[in-house]
Amino acid sequence: MSKRTKISEILRNEATGYEVTVKGWVRTFRNNQFIALNDGSTNNNIQIVVDFENTPEATLKRITTGAAIGISGTVIASQGKGQKVEVKAKTLEIIGDSDPEKYPLQPKKHSLEFLREIAHLRFRTNTFGAVFRIRHSLAFAIHQFFNDRGFVYLHTPIITASDAEGAGEMFRVTTLDLNNIPRTETGEIDVKQDFFGKTTNLTVSGQLEGELAAMAFGEVYTFGPTFRAENSNTTRHLAEFWMIEPEMAFYDLDDNMDLAEALMKYVIGYTLTHNKEDIDFLTQRLLEEEKLKPQTERSEMNLLEKLQFCLGNNFERVTYTQAIDILRESNHNKKKKFQYLIDKWGADLQSEHERYLVEKHFKKPVILSDYPKEIKAFYMRQNDDGTTVRAMDILFPGIGEMVGGSQREERLDKLETRMKEMHIPTEELSWYLDTRRFGTCPHAGFGLGFERLVLFVTGMTNIRDVIPFPRTPKNAEF
RNA sequence: UCCUUCUUAGCUCAGCUGGUUAGAGCACAUGACUGUUAAUCAUGGGGUCCCUGGUUCGAGUCCAGGAGAGGGAGCCA
């Protein structure tokens, strides 16, 4: 068989009367005659019409759900109603059999939980086909966005020796024999004998390294895997996830917010034009799912409307202090409907509060800024009030924190003082402090959780369904 | 890690106050039909009722412990 044509191409141009070769995987085989074939180029299948009267019985029996087949034939206008064009098969080759008794996917609706257990096959379903094509588009659009603006894509290390970032529990990296750990005279693990001669971990953030490069290139971004050994079992946490971390010299917090908002809108807009079919499919899928819910729990907007709304409206920008006032004055708080009632300034917001602000009060993405310094990291720039820092979180409906960022403290004395207050070893991070010693400047950056972005754009609700092979506590399958 | 719900056929699920042979739809097999859209119709095979222990004449059902999964919380992206 010759070079194959992608199904997306045949369906897109709708032309007829020409010869093609298509290859893909059988979704269903109806009436001993009609194959719904999918090759992953689009969620839509192409209908193959088999001349069953002139095809060996043994071959027909091998056209089963999941089998890989190749067909050469003519693209013709379809006599049926479900599609405009179809391929009338001249030759049909079974490339890879699929035992229908053992193949777990059936032409029916499967639960997401079941598909998660067969993550190696779930790409072959409509839902996951759409999700992972969108995931690809979002990744591509992110690079496009930054490249268009002259940012340098920086690869920060995955193995790191600094454990001073305080961004959560880390995965230890070692080549020591765990059954026979070398000890020092005092009984501690002798890390000098380990591969790097010191304690090393998987990265929890590329931010500190990103800042170093920003002090040379002006604007950089990272996009890579990130690892957190937290024992989190939620629909929005993974032990291994992908994060985008831009870092920009000569930016203040407002510039930072502008960039983050522009990025989000650009990549969402990109998928709306390049993944229209997949988004339409997911929108439909969600609508059907919502039919099962009581009226009151249904969303006001469908997925497509939600994404369009997000593009057409500015994100609401409020300070932490304003947010506390809104929450405190809300009927929800007065009627004591919050599990944690808002009384005094300074407490960290619970996710019920964030959800109230985003989903009930503003009904759109919200950028919260200027948090109390006690609940934020050491590197954030201190405001003149002495109590808040130039931090910002972008909260999205249904997802919560999608972006966390800040203007960085560029003043060496202030930074060192804060590090000492928070017991961050300054000697170990001397290389980081060098940026403040040699040509320091105002700068800012943020971290965007890639899977959370994919969650929002696809309308999926569990983060394990938007990464091919999720790593979570007690689970590293595939 | 905490709270909570769940675990019955390949999948989705029913199984009442404990009762004798555990059901349905889909899938699968066989046959019929042959322009079907998750094709249809007929027939058929298919079960460690998550595991361990207990209560009872009798446990899918009740109790205890364990494992796994879902949802919520904390932590965060």
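Here is the naming used below: chain letters follow the sequence lines, and residue numbers restart at 1 for every chain.
- Nucleotides B:rU20 and B:rU61 are separated by 14 Å at their P atoms, to the nearest Å.
- Going from atom CD of A:Glu354 over to atom C1' of B:rA77 covers 12 Å, rounded to whole Å.
- B:rA77 has no base stacking with the ring of A:Phe450 when judged by centroids under 5.5 angstrom apart and an interplanar angle below 30°.
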Given side-chain hydrogen bond (donor to acceptor under 3.5 Å, both in side chains), test A:Tyr251 with A:Glu219 step by step and report yes or no.
CA-CA 9 Å; A:Tyr251 271 50; A:Glu219 293 164 320; 2.7 Å; yes
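- A salt bridge is absent between A:Lys337 and A:Glu352; no separation between the charged side-chain nitrogens and carboxylate oxygens falls under 4.0 Å.
- Rounded to whole angstrom, the span from the CD atom of A:Glu230 across to the P atom of B:rC76 amounts to 8 Å.
- Nearest-nucleotide mapping onto RNA chain B: of A:Ser111 and A:Lys88, the residue sitting toward the 5' end is A:Ser111.
- Comparing A:Thr64 and A:Phe29 along RNA chain B, the residue whose closest nucleotide (by nearest heavy atom) sits nearer the 5' end is A:Thr64.
- Under 3.5 Å, the side chain of A:Gln83 and the base of B:rU37 form at least one donor-acceptor pair of N or O atoms.
- The side chain of A:Asp348 lies closest to B:rC75 when the candidates are B:rC75, B:rU36, B:rG35.
- Residue A:Lys363 places its NZ atom among 12 or fewer non-hydrogen atoms of other residues, nucleotides or ligands, all under 6.0 Å distant.
- Screening residues 58-78 of chain A for salt bridge (charged side-chain N to carboxylate O under 4.0 Å, His left out) gives A:Glu57-A:Lys61, A:Arg62-A:Asp97 as the qualifying pairs, with residues at least two apart or on separate chains.
- Residue pairs meeting the side chain to side chain donor-acceptor pair (under 3.5 Å) criterion with at least one partner in residues 129-147 of chain A, sequence neighbours excluded, are A:Asn43-A:Arg133, A:Arg133-A:Asp278, A:Arg135-A:Glu451, A:Ser137-A:Asn275, A:His143-A:Tyr221.
- What separates CG of A:Leu105 from P of B:rU12 is a distance of 12 Å, to the nearest Å.
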Between the protein and nucleotides 30-33 of chain B, list the N/O to N/O atom pairs that are separated by less than 3.5 angstrom.
none

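- Computed from coordinates, the A:Phe34 CZ to B:rA39 P distance equals 12 Å when rounded to whole Å.
- Nucleic acid contact class of A:Lys102 (heavy atoms, under 4.0 Å, all strands): none.
- For the pair A:Arg30 and B:rA39, the criterion of a side-chain N or O lying under 4.0 Å from OP1 or OP2 is met.
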Atom pairs, protein N/O to nucleotides 6-10 of chain B N/O, distance under 3.5 Å:
from   : atom 1 : to       : atom 2 : distance (Å)
B:rG10 : N2     : A:Gln106 : OE1    : 3.0
B:rG10 : N2     : A:Gln106 : NE2    : 3.0
B:rG10 : N3     : A:Gln106 : NE2    : 3.2

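- On the C1' atoms, B:rA69 is 43 Å away from B:rC33, given to the nearest whole Å.
- Looking at residues two or more places apart in sequence or on another chain, you find no ring pair (Phe, Tyr, Trp, His ring centres under 6.0 Å) involving A:His361.
- Taken together, the paired segments of RNA chain B that extend over three or more consecutive Watson-Crick or G-U pairs, each closer than 3.5 Å at both contacts, are B:1-7 with B:67-73, B:10-13 with B:23-26, B:28-32 with B:40-44, B:50-54 with B:62-66.
- Listed by first and then second residue, the ring-ring contact (aromatic ring centres under 6.0 Å, His included) pairs involving residues 26-63 of chain A amount to none (not counting sequence neighbours).
- Taking the six-membered ring where the residue is Trp, A:Tyr371 and A:Tyr320 present tilted rings, their angle falling between 30° and 60°.
- Applying the ring pair (Phe, Tyr, Trp, His ring centres under 6.0 Å) criterion to A:His443, with sequence neighbours excluded, gives no partner residue.
- Atom NE2 of A:His110 and atom C1' of B:rG25 are 14 Å apart (whole Å).
- Using a 4.0 Å heavy-atom criterion, one finds that A:Gly447 contacts the sugar-phosphate atoms exclusively.
- Formation of a donor-acceptor pair under 3.5 Å by the A:Glu240 side chain with backbone atoms of A:Thr226 is not found in this model.
- Taking the C1' atom of each, B:rG68 and B:rC51 are spaced 11 Å apart, rounded to whole Å.
- Residue pairs satisfying the ring-ring contact (aromatic ring centres under 6.0 Å, His included) criterion with at least one member in residues 450-478 of chain A, sequence neighbours excluded, are listed as follows: A:His120-A:Phe478, A:Phe123-A:Phe469, A:Phe223-A:Phe450, A:Phe396-A:Phe456, A:Phe469-A:Phe478.
- As rounded to the nearest Å, B:rU52 and B:rU5 have C1' atoms that lie 22 Å from one another.
- Among the atoms of the strands shown, none is found under 4.0 Å from any heavy atom of A:Thr226.
- B:rC57 sits 22 Å from B:rC16 when the C1' atoms are compared, rounded to a whole Å.
- Enclosure of atom NZ in A:Lys6 is not indicated, since only 12 or fewer non-hydrogen atoms of other residues, nucleotides or ligands lie within 6.0 angstrom.
- In summary, of the residues considered (A:Phe140, A:Phe146, A:Phe145), a ring-ring contact (aromatic ring centres under 6.0 Å, His included) with A:Tyr266 occurs for A:Phe145 alone.
- No salt bridge links A:Lys23 with A:Asp39; every basic N to acidic carboxylate O contact stays at or beyond 4.0 Å.
- Contact annotation for A:Leu238: base contact, defined as any heavy-atom pair under 4.0 Å involving a base atom.
- Straight-line distance from the CD atom of A:Gln79 to the C1' atom of B:rU36: 11 Å, rounded to whole Å.
- Using atom P as the reference point in both B:rG25 and B:rC41, the two lie 11 Å apart (nearest Å).
- In this structure, the CG atom of A:Asp393 is 13 Å from the C1' atom of B:rC75, given to the nearest Å.
- Taking atom C1' in both B:rG23 and B:rG47, the straight-line distance is 11 Å, to the nearest Å.
- Here A:Lys276 pairs with A:Asp280 under the side-chain hydrogen bond (donor to acceptor under 3.5 Å, both in side chains) rule; sequence neighbours left out.
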What string of B, S and - do you get for nucleotides 69-74 of chain B 5' to 3' if you count protein non-hydrogen atoms under 4.0 Å?
-SSBBB
Show the atom names and distances, to 0.1 Å, of all donor-acceptor pairs under 3.5 Å that link a side chain in residues 102-110 of chain A to residues at least two apart or in another chain.
from     : atom 1 : to       : atom 2 : distance (Å)
A:Tyr103 : OH     : A:Arg124 : NH1    : 3.4
A:His110 : NE2    : A:Gln106 : N      : 3.0

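- At whole-Å resolution of the value, CD1 in A:Ile399 and C1' in B:rC76 are 14 Å apart.
- Among the protein residues, A:Glu240 comes within range of no part of the nucleic acid, since none of its heavy atoms lies under 4.0 Å from any strand.
- On the P atoms, B:rA14 is 13 Å away from B:rC50, given to the nearest whole Å.
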